[in-house]
Amino acid sequence: PLYDFHFTNKKYNVEELKSFGAVRVVYFKNAFSKHVHRPIEVSDKEKEYYGSEVSFIGHYEKERKEFIEFLASHGLKIKVWGWGGDKGKMKFKYTNIINMNKHVYDDEYPKVVCSSKINLCFLRKINRDQETTRSVELPACKGFMLAERTPEHMELFLEGAEAEYFNSKEEMLRKIQYYLANPQMREEIAEMGYRRCIQSDYSYHAQLQYILKTVEDDSI
């Protein structure tokens with residue numbers, strides 16, 4: 001209650017913060033950095049190092065590991081970046097999962113996205129996420145994104161046109177197999193997802209302008 005505003009990128013936080021006595025609570029969208037998350041040229045050597053049929057950038061969660069191993073059990077090649085957890089959790093059952101055991105920052109992040117045919121977007125269950133920064137960063141790099149299906153995701157990107165979504169392991173596998181076999185469709189969706197990021201301006205610049213304008217309008 002001592003603060004004039006609370007800004008949050010979690011929709012479910014809005015009513016919760018109000019219940020704690022927050023005076024004004026405003027939701028703003030997850031965003032991408034124009035300086036980092038953008039299409040980037042990669043050499044053949046870089047593509048070999050950073051790329052894969054399927055890639056995931058993010059931390060360990062039990063469900064994520066199960067989904068990734070399910071894909072590997074069907075013969076898909078997967079690279080994982082930024083994987084955390086204890087040594088036992090970090091080990092995968094399958095040799096076609098390559099744990100790079102490395103975080104990617106700055107230009108390395110878009111190099112992974114641009115070198116990979118399909119980029120997975122899992123949500124953090126402990127945070128109750130319905131979208132995440134990765135939800136916008138991957139399309140902003142002009143990467144093909146396959147994400148968990150949520151209302152918030154579908155508000156950001158049109159399913160089957162600007163991104164793809166899944167509800168189950170089986171649906172995730174089917175869509176990966178389909179889009180690996182149809183590279184032109186995959187590239188068109190990646191292109192349209194990128195255009196959505198630019199046209200709707202999902203950037204941090206735009207979100208900061210929105211926040212500042214909200215505060216300014218309230219003070220007039």
Side-chain angles (χ1 to χ4, degrees), residues 3-18 20 22-42 55-59 81-82 103-116 118-124 127-165 186-220:
Y3 292 87
D4 295 310
F5 285 92
H6 285 78
F7 291 91
T8 176
N9 63 346
K10 311 290 186 188
K11 282 187 178 179
Y12 57 78
N13 280 160
V14 174
E15 293 304 319
E16 291 175 344
L17 285 164
K18 287 180 180 178
F20 298 148
V23 179
R24 284 202 59 188
V25 184
V26 180
Y27 166 76
F28 69 96
K29 294 177 182 176
N30 279 302
F32 70 93
S33 166
K34 293 180 178 181
H35 303 296
V36 178
H37 310 115
R38 82 277 188 209
I40 193 169
E41 291 291 330
V42 287
S55 289
F56 173 65
I57 304 172
H59 292 287
W81 302 81
H103 294 281
V104 281
Y105 302 104
D106 304 318
D107 281 356
E108 283 197 300
Y109 188 104
K111 283 181 180 180
V112 171
V113 179
C114 293
S115 298
S116 301
I118 293 176
N119 295 276
L120 295 176
C121 179
F122 294 114
L123 298 172
R124 188 169 287 280
N127 288 351
R128 299 174 289 163
D129 284 348
Q130 295 295 304
E131 58 174 303
T132 182
T133 52
R134 188 166 39 245
S135 307
V136 182
E137 292 167 356
L138 299 177
C141 294
K142 206 184 285 190
F144 178 93
M145 180 175 72
L146 178 59
E148 294 185 58
R149 186 182 287 106
T150 65
E152 282 81 354
H153 268 159
M154 296 173 75
E155 285 177 16
L156 287 169
F157 300 101
L158 184 63
E159 182 169 12
E162 298 169 339
E164 269 292 4
Y165 303 115
R186 190 177 71 233
E187 290 167 11
E188 287 173 359
I189 289 173
E191 173 69 30
M192 295 306 293
Y194 170 72
R195 290 187 188 182
R196 173 55 53 211
C197 288
I198 303 303
Q199 291 169 2
S200 296
D201 203 353
Y202 293 154
S203 69
Y204 283 113
H205 290 76
Q207 297 310 305
L208 183 57
Q209 286 174 352
Y210 167 69
I211 289 169
L212 292 174
K213 188 175 187 307
T214 301
V215 174
E216 182 182 7
D217 289 349
D218 188 73
S219 64
I220 293 174

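Note that the structure is predicted; figures quoted are calculated from it, not measured.
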Those residues at least two apart in sequence (or on a different chain) that pass salt bridge (charged side-chain N to carboxylate O under 4.0 Å, His left out) with E15 are K18

If you look at every heavy atom in D4 and V23, which pair is closest and at what distance? O-CB, 4.0 Å

When rounded to the nearest 0.5 angstrom, what is the spacing between CD in E164 and CD1 in I189? 5.0 Å

Return each pair, listed once, that meets salt bridge (Lys or Arg N to Asp or Glu O under 4.0 Å) where at least one residue sits in residues 146-159; pairs must be two or more places apart or across chains. K11-E155, K125-E148, R149-E159, R149-E171, E159-K175

H59 vs H103, test: side chain to side chain contact (heavy atoms under 4.5 Å, CB included). Steps then yes/no. CA-CA 9 Å; H59 292 287; H103 294 281; 3.4 Å; yes

Using the ring pair (Phe, Tyr, Trp, His ring centres under 6.0 Å) criterion, which residues pair with F32? Sequence neighbours excluded. none

For H153, does its backbone N or O pair with a side-chain atom of Y165 as donor and acceptor, under 3.5 Å? yes

What do you reckon, is CZ of F5 surrounded by more than 12 foreign heavy atoms closer than 6.0 Å? yes

H205 vs H35 side-chain heavy atoms within contact, under 4.5 Å: yes

Output all residues satisfying side chain to side chain contact (heavy atoms under 4.5 Å, CB included) with I211, sequence neighbours left out; order by chain, then residue number. F7, F28

Output all residues satisfying side chain to side chain contact (heavy atoms under 4.5 Å, CB included) with A206, sequence neighbours left out; order by chain, then residue number. D201, S203

Does any non-hydrogen side-chain atom of V136 lie less than 4.5 Å from one of C197? yes

Using side chain to side chain donor-acceptor pair (under 3.5 Å) as the criterion, list what pairs up with E187, not counting sequence neighbours. none

Has the side chain of R134 got a donor or acceptor atom that lies under 3.5 Å from a matching backbone atom of I57? yes

Sorted by first residue and then second, give each salt bridge (Lys or Arg N to Asp or Glu O under 4.0 Å) pair with at least one member in residues 202-211; sequence neighbours left out. none

Which value, rounded to the nearest 0.5 Å, describes the distance between L212 atom CG and Q209 atom CD? 8.0 Å

Mind running side chain to side chain contact (heavy atoms under 4.5 Å, CB included) on K10 and R128 for me, showing each step along the way? CA-CA 9 Å; K10 311 290 186 188; R128 299 174 289 163; over 6 Å; no

Please tell me if the side chains of R186 and I118 come closer than 4.5 Å, counting only heavy atoms from C-beta onward. yes

Taken in chain and number order and not counting sequence neighbours, the residues that satisfy side chain to side chain donor-acceptor pair (under 3.5 Å) with R196 are E162, S200

Determine the minimum heavy-atom distance between C114 and I40, stating which atoms define it. SG-N, 3.6 Å

Would you check, one step at a time, whether the test side chain to side chain contact (heavy atoms under 4.5 Å, CB included) holds for S135 with N30? CA-CA 8 Å; S135 307; N30 279 302; 5.8 Å; no

Restricting to pairs with a member in residues 26-40, which pass salt bridge (Lys or Arg N to Asp or Glu O under 4.0 Å), not counting sequence neighbours? R38-D107

Between atom CG of L208 and atom NZ of K213, what is the distance when rounded to the nearest 0.5 Å? 14.0 Å

Check the orientation of F122 and F56. Use parallel for under 30°, tilted for 30 to 60°, and perpendicular for over 60°. perpendicular

With rounding to the nearest 0.5 Å, note down the distance linking OG in S55 to CG in L146. 12.5 Å

Of all residues at least two apart in sequence or in a different chain, which pass the side chain to side chain donor-acceptor pair (under 3.5 Å) check with Y27? E131

For Y202, what residues pass the ring pair (Phe, Tyr, Trp, His ring centres under 6.0 Å) criterion, not counting sequence neighbours? F157

May I ask you to test the F20-V25 pair for a side-chain heavy-atom distance under 4.5 Å? no

Sequence neighbours excluded, the answer for side chain to side chain donor-acceptor pair (under 3.5 Å) partners of T8 is N13

Taking all non-hydrogen atoms of both residues, which atom of A140 and which atom of P39 are closest, and how far apart? O-CD, 3.5 Å

